[in-house]
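Each remark here refers to the structure printed beneath this line.
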Amino acid sequence: MPHRRNRSDGANESRRKFLKASGTGAVALSLAGCSGGGDQDPTTTEGTGEETEADTTTEEETVEKRTEDSDSIPRGGTLTYGMAQNPDTSNYLTSGSVYSAVALNLIYDFGVEIDPVTYEIQPWVFTDWELQNADADQPEIAFNVRDDLTWNDGEDFTIEDVIFSHDYIIENEVGEWSSVWNNIESVEEDSGDWDCRMTLTQQIGTWDSSALGACPMLPQHIWSEVDDFQSYDPMAERENGPVGTGPGVLTTFRPDTSMQIQFRDAEEYPLTDLDWVDEHDNLVAGGPFLDQVNFQIYGETAALTQAFMRGEVDTHYGSLDTDKIPEAQDTEGLGLVNGYDSGFSYAAFNCRREPLDDVALRQAIAFAWDDYYWTQQLQQGYVFDGDFAQSPGYSGVRPESVFDGELLEGAAAEAFKFRGQGDSADPDVESIRSFLENGEVIDGSSGTFAGQDYPGSLSGVSASQSESKYNYTFDTAQSSNLDGVSDVELYVDGEPLSEFKGGPISILMDPPGENPKQGQAFERWAENLRKVGIPIKLEPTGFNTMSDMVYYNADYDMYEMGWGGTNPFGTSIRSFFHSNFAKEAFGENEGEQFAYNSTGYGVAGGSSDELIMDAYGEMDPETRNEKYATAIEKVYLDMPYMVRDYDKQRWPMNTADFTGAIANIVDPAYANWFWEATHIHQTE
Amino acid sequence: MSTQSESGFELDTLRERWGPRIERFKRGWDRYTTHKMGVAGLAILVLFTLWALFPDVFAPHTPEWKAYIGYENTRMSPEEVNSLPHPPAFGDPFFAPLGTNASGQGIYSMLVYAAGSALYIGLAAGLLSSLVGVPLGLISGFYGDTWIDETIQRIVDVMYGLPFLPFLIVLVAIRGVNTTNIILGIAVTSWLNNCILIRGETLSLKERAYIESAQVAGASDTRIVFRHILPNVLPLAFVFLAQDAAAAILAQASLAYLGLADFTANSWGLMIQNVQAHNYIYNAPWWLIPPGLAITAIAAAFYFIGFSMEDVTNPQKE
Amino acid sequence: MSLLEVNDLSIQYEVDDDEVHAVDGVDFSIDRGETYGFVGESGCGKTTLGKSLVHLLDSNGFIADGEIWFDGTLPQWENDRGEPRRDVIENDQYPVREDGKTDLAQLDNEQIRDVRWRNIALIPQSAMNALNPVYKVGDQIVEAIRRHEPNTSVEEADTRARDLLERVGIDPDRADDYAHQFSGGMKQRAVIAMAMACNPDILIADEPTTALDVIIQDRILDELDELQEEFNVSILVISHDISVMAEICDQLAVMYGGKIMESGPKAEVFQESANPYTLGLKNSFPTVKQEQSELVSIPGSPPTLLDPDPGCRFVDRCPFAVDECESSHPPMYDVADAEGGRRVEGDDEKSHRSACYRVDDLETMRTEASKEETWQAITQNH
Amino acid sequence: MTRISARYLGKRIVVSYITLLVIMTLLFALLRSMPGTFISSMITPEMQPEQIQRMREVWGLNEPLWKQYVNFMVNYQTGEFGMSPTNRVPVWDIMIRRLPRTLILFGAAFIVAYIVGPLVGMYLGWLRGSRKDKSIFASSLVMYSMPAFWLAWLFIWLFNYELGWLESTYMYHQFPQFEWTVVSTITNVLHHITLPLISLAFVNWVGVMLVMRPSMNNVTEEDYVFLAQAKGLSERTVMIKHAARNALIPVATQAIVGLAFLIDGSIIIEQVFSWPGIGQLIVNAVISKDYPVAQASFFILAVLVVVMRLLTDVVYTYLDPRIKFGEG
C-alpha cells in the first residue's frame, strides 16, 4: 500500500528483512486452530486438526465472507501487541520505523484507501475524484473532501487542512514522504465544482494510489506552528501527542518499552462506516471495536515469542516463529491469522559477470535448489515455493492469475523446480549436466527440460535467449572446491569454471547464526551444485556489508536477500529490473548511488525494459495488470532473481479473547494492520 | 669408546642440567596433586582433549548424522520433522542420548565434536593475549615510571575505556566472523589484565636485592630481564594463560549469543545460539543445558588449573 | 608465690600429617615483677613457647600437653575484689584451682582473648610492623583499652593513650599520626606503650630489640626496665641475643630443640654455665667482659623437631656426647649438686639446673668448650 | 580529609580527558572501518534514487572523512551528539532516557558484587587452606565459569516461568500503568530488577573475590594482625577491622578490571531481560551501524570507566593513608 508504507524494520534480529522491510508475509487467515472463529472458516475444510497438512499445500487461500452486523459485535477490550524492537519517534513525518508506524498509522488518514482484499481504490477522506488532462505532461486530479471529520483534539477537519498537508510536505521535501513531493506538483482549492485540484508532476499510471493516497492529513493548527519538522516532538508538545483524523490517540509513548493507542468513540470516527466498507463482502463496518492497543517492546525475539506463548501479549509483530507454530496450534486459546507475504525472498545473480550473464547457467543453478527441502522440511510448509517476483498476496499482476491460471498452481510456475532423483534428495546430476551441455534454455516455449515438462509461458512471452551463450562441457575437476564431491567440473568454452571465473561462484548469505535453517538450505544447494560440477563458495556476510556490496558496488556473484512492502500493482519490478535503476545508469557518480537493480538485468544478461515501461505508462488498470504480468513472466524466465519463497504469514493471536481478524490478506501484522485493528474485537 | 664416553659425558651434563629442573618439576607436581581442585580441572581438560582428539570414540555419530534418516540423503516425513528437536532417545526411534536439535543432529555428538574448537579458542586466545600482555607488562614494569611505562599504561587506560564486548563486535564485524578473527579480537581486548599484573610483579621483583646486585655488576637490561625477571614471572604468566583461556571461551559464548559465531566451526557457543535462534530456550532443556554445562566445565577446568598452579608457584607458600 | 607456673608444656605443629614437636615438656615459673629470659637459636621453640601462653599459635599449632597456671582469672569468674569466685574454684568444670590460679592451657578461644593484653601482653617480633598502617597510632591504643575496659569512655581512653605515649617518650600529639610517620624506635616504643595500656601482669617481649640499632636498643631496654619498676609487671623476654639477656633478665632459660637445656638465675647461668649448648652459645656471642679474640660458632644447625629421636636433642652437635646421650633426653639436674660431682634431678624451678648427662663433669666441659678445636671436631666426627 | 593535592587531581583530570579524546578518535576510526552504512537499512522499494542520495546528505555521509571526524570531536565537547538515523531523534534524548536505567542496574550489581565479593574473599582468605575455603572457592569458580546469558535463561525459566515470582522483562510494569507512589515504584522496580541483578551479580562478585582472597591471605600474615589478636580483640574485629581493611587496598586498585567485566555483563544481561538501557542500545546500534548512537553509547561507557578510574584513585588514598598523591 502506498501510504501506510512498509518500512525498514530496525536492526538486529530481522536484519535480513531490512530490505524485506516489514513485510513478511501475506495473507489470509483462517484462524488456525482457533475455536472462536469456527463458524466462518472457509479455508480449511478438513478442520483445524489438519492444519499442518493444509499448510503444506500451495492452494490459494481466500478471504472469508463476513456477515456480522457491527451492532452485535462486542465493544471494548485491550489488545496487547508485542514487538522485538523499539519505535523511533512519534513524529509521523520523520519516523522511519515500522514499530512506530503500527501506532501512528492508526492516527492518520489519507485521501483514498486501497481495498485490502481487492486492491481497488476506495474513497476515504476524499469522497470522489476525477482524472483530468490525462494526456498532459502534468495531469490533474479534481476531488472532493469529506466535511464530517474531526481531529482527535476536537478541532474540525477542513479543506484548508488538506491543502496545508500537501503544501507542508512538498515545501519541506520531507524525506520519508518523498512519494508526495515526487508525484504531486501542488494542491489547490478548485475554482469549479470540485473542492480541490491536484496537479501531478508527471504521468503516473497508478495516479490514484500513488498521488491521491500519498499524503497523510496533517492538522494545520498544529503543524503551522512547527518551524523545524525534523526536531518536532509531538509527545513533548501535547499530552496525547500527534493530532490526526484517525481512530487512534497516542496516549503513551515510551520508545524503549511501550506505547499505547486508545481508540476514539465510534461516533467520532465515521470512516470505517463508509458504504463501500459496509457493503464489502469481507469487511465489517463500524470499527474499531477495541478500547485500546498496548504495544510492548521486548529485547529479543525469543523473549517476544515466549511472551506470546505465555499469554503476556495477545499478538506480536510479524509471523510466529515457524518452530513454534505446532505448539501454538496445540495450545488452547492460541491461534494464527494466515496472511500473505508483502514481498518475497530471492537469490540474485550478478548478470554483469561472466558466465552468470547466461540465462541457461542461471536456470541450471536454480535446478539444484532443493525447494522441497526448504519449504517442506526446513520451513515445515510455512512458506510458498517461490516463482514470480511478485507476492501471491498481490495476485492481480501475477501471470497465472491474470492469464486464467490458479494462484501458485500449474506447471508454468514450476519451470525451475528442483531436479531430484525420485524420493531421494540427491540432485539429478545427469539431466542438469545435459541441459547445460545441450545449450538448452527454458525460453517460454513448451518442452521437456532437464527431465521435466514445461507447458510454455502463460503470457506467451519468451526469454531473452533461446540457447545458451556459452559452450558447456564437463571434464576433469580442477577446483579444490569439488574435492571428494565431483570428479568433473563445468567447463565454460573449454575452460574450467573455476579458472574462467578465477575461483568458485560465491554466494553472499546471512550469517547462519541469525537464520540457521536458511544456512542449512544454502549448504544443501552448494553441495548439490558441487555434485553437478559447479564450484560454489558460501560467504556469510552481515546485512549492512552485504547490502553495500550489492546495492552500491554490485560487487558479488550471487547473494540472497528479501524484499518486503512491494507494490500491489506490480510497479516494484521497475525498480528491481529496469536498467534505469542499475548502477550503470548513474554514470560517474555510480559509486555513491544506491542501485535497486542490483543484478544489472537490462544492462547485461537479458532485458525486460520495454515490457516494464509499457506497463508503467498504462493508465487502464486491467491492461496495466496484463502488461505487468507479462513483464514479470519474462523476468521469471530470464532469472536475474531466483525467487526462493513467499512467507506464509502466521500472525499469532490470542483467540481465546479476540477474534474478527481478516485472514488471507497481505501482512496483517503491519501492512494491513489498520484494517485488522479496526476489525479485531473481543470474543463473547 | 671415545664416542661412548663422550656421549656418557653428555648424558651426565644433561642430567646435571636437567636433573634439578626435573626434580623441581616433580616436587611441583607432587604439590599440585595435593590440590583436589587442580586435579579435577586436569581431569576435565584431559577428557575434553580426548573428545577433541578421538571424537569418534566417544560420540555415537558424527555431526552429519540426522535423526530418522541417519547418514542417508533422504527426506524426513512431516511427522518426523515435527518431532524435532527430539528429547533424549535410546534406540527408539533412534539413538541420541541427549536428544537432538531442530535439524536432527545428536546433541551429545555435537558436544563431543565441538570440544576441539573450545580448546582451540581457549588456548589460542589465551596464548595470544599472553604473548602480547606478558612482554608489554615486563617492559612496562622494568622501565617503571619512565615514559615507556607511562605510554604503555596510557594505552592500557584507553583500552579499558572501550567496553570489551561491543568493541569485540566492532572488531569482528570489520574483519568478518570466523574463528581466527574471533580469537584475534578476544586477544586484542584481553591482554590488558596480563600486562597490568605482570607489570606489578615485575615492579616488585625489580626491587629485590639480587636484581640490584646484577645491575651493579653491570648486567645488561636484556640479560636482567631474561635471566632474572622472566623466569620469575613465567609461572605467573602460565597462571594467567589458564585464566585467559577460560575467559576467552566465555567471551566466544557471549559473542555467539549476540549472533557473532563462526557457523562453519561447530562450537558450544554456537549450539546455545542455535537454541536461541530456533526459539527453544524454554522448551528443549536437553538442547540448552548440555552446551552451557560444557562451557562451564571447561572454563572452570582452566580456572581450577590456573589457581592451583598459582598455589604451587607462589614462593610465599614454600 | 609465682605468677605463672608452667608444667610439662608441649606444643606441636601439624605439618602434612606429621607432627613437629616445637616445645617438649617444658617447666618454668615466673614471679611477680621478675624478668625471665628465654634464649636460644632461632627455631628452638622459644617464640612458640611465648605465643602458646596466650594461644597465639599459628592455626596448625596446638598445646599437646601440659599446664599453664596463671595467678589470675577471667573477668567473669572474678568476684568484686578481683579474685576467683569460690563457686568457680570448687566447680570442676572451671580450670581454676584452689590457690586461685587458672590453667590457661584449658581456656577456649573466646576465653583466652580476655586474658590477652589484660593479663598477658605480647609484643611480637618486629614490633615495628605491628602497628596497623591504616589507623592512627593513638586509636590503636584506645582500641586495646576499650576492649578490656568497655566502661571507659573514648575520651578517657584517648587521654590515657596519650599519657602512655608520653610515658615512653613520644609527644602525645603524635597519637594522631599514622605508623608510617613514626621512626623505627618510635614504633617500638609505641607498641610498648600499647602493651602497658591495660596494666598487664606479664609482658612477653619477643625479640624486643632485633632490627634496631644499638643506641635505640639500649633505650628500649631501659624503657622496659623502668616500666617494670613502675608497673611491677613481670617480663618474659625472648631473644637469641645473649647480651640482651645479660642486661635485663633476672632468671634465664636456655632453649634448644624445644627443650630447656639450662635454667636458673641469670648470673649463675651466665657465669657458671653447666650445659654444652650454653657454653657453645656463649662462644658465639661477643660479650663485654670476656674479650675473646674470635667467635666460635656451633657447627651444624638445630634439629627439625619432626618426630625427634629419643636421645638428647643436642647430641648431634655436642662435642661431649657419650652413649648415654643417645638413649634419652637428659632430665634437669641440679647444678649445685653437680658441682659436687653428684647427678641429682633438681626440683626447684628457680635454682640453677642443666639438662646434661655429663653435668657431673663440669670442669672438663667448661675448659674444653672454650677451645675452638673442640667444636670443629664435631664436623669431622659426624 | 583530603590527601590528594589539587594539583595532582588536576593532572589526573587532564590525563583522563586526553584518554577520552584518544578513545573517541579510536572509536571514530573503528566505527568508520565497519563495512556498510546504516543507509541500507532505511531503504524501501518505494524510494527514489534521489531520495536515497538526499538521505546520505542529510546524515552527513557525503562529507569528507576528516570533516566528519572534526565535527564529531568538536560536537562532543559541547554535548552535541547529533541525530540517530535509526531512531530519528536526538541521540542525547536517547542517552538521557537510557543512562539512568543502566546506572540503576549496573550500580546495583556493582554494589552487590563489591559487597559480596570482598566479604566472601575476606572470609576465604582468612580461612585459606581450610576445607571450607576450598569448597567455597571451587564453587565460586564454577559460578564464574557460567555463560551469563545462559545462566540468565535458567533463572528466567525457574523464577519467572516455573515459580512466577519475578519478572523477566522491563524495569517496571508497562500496563496497566500503576500509581507512581514511592512504595509502588520501589516494589515494582524491585520485582523487575531482581532477576537481572542476580544474574549479573552472580557471576561478577567472584572476580572481586579473586582479588580479595589472596590479598586477605597476605594480610593475615602481617604483624599488625597478629598484634590485634594479641590485644584480645575478637576474631571478627581482627578479621574485619584490621585484616580486611588493609586487604581492600588492592581490591580498589583492581576495581577497574572488574568494572570492565561488569559492563560487558550488563550489556548481555540488558539484552536478555529487555532492560532498556545503554547496553541493549549499544549492541543494536553497532549492528545497525547507527554511528551517532553507537558512538555516544561507547562514549558514555568510556566516561563511566574513566570517571570510575579517577574515583578509584580517590578511594585508594582514602583506604591507604600511606599514599599521598601529588607530593614528592
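Every chain is numbered from 1 and lettered A, B, ... according to where its sequence line falls, protein lines coming before strand lines.
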Are side-chain heavy atoms of [X] and [Y] found at a separation under 4.5 Å?
{"X": "D/His242", "Y": "C/Glu143", "value": "yes"}
{"X": "D/Leu233", "Y": "C/Arg116", "value": "no"}
{"X": "D/Leu227", "Y": "C/Trp117", "value": "yes"}
{"X": "C/Asn129", "Y": "D/Tyr224", "value": "no"}
{"X": "D/Arg245", "Y": "C/Tyr135", "value": "yes"}

Which portion of D/Ser130 sits near chain C, non-hydrogen atoms under 4.5 angstrom: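 Neither; nothing under 4.5 Å.
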At what distance, to the nearest 0.5 angstrom, does CG of C/Asn132 lie from CD of D/Glu222?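 With rounding to 0.5 Å, CG (C/Asn132) is 9.0 Å from CD (D/Glu222).
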To the nearest 0.5 Å, how far apart are CZ in D/Phe226 and CG in C/Asp206?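 Between D/Phe226 CZ and C/Asp206 CG, I get 7.5 Å after rounding to 0.5 Å.
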Using the side chain to side chain contact (heavy atoms under 4.5 Å, CB included) rule, take C/Arg113 and D/Lys231 through it: C-alpha gap first, then chi angles, then the decisive distance, then the call. CA-CA 8 Å; C/Arg113 287 179 195 277; D/Lys231 274 154 80 172; over 6 Å; no
Portion of [X] that has a non-hydrogen atom of chain D nearer than 4.5 angstrom:
{"X": "C/Gln181", "answer": "neither"}
{"X": "C/Val54", "answer": "neither"}
{"X": "C/Ala144", "answer": "both"}
{"X": "C/Asp114", "answer": "neither"}

Partner chain D: residue of C/Arg118, C/Glu110, C/His148 with the largest heavy-atom pair count (under 4.5 Å):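 Option with the greatest count: C/His148.
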Can C/His55 and D/Gln229 be counted as having a side-chain donor-acceptor contact under 3.5 angstrom?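 There is no such pair between these side chains.
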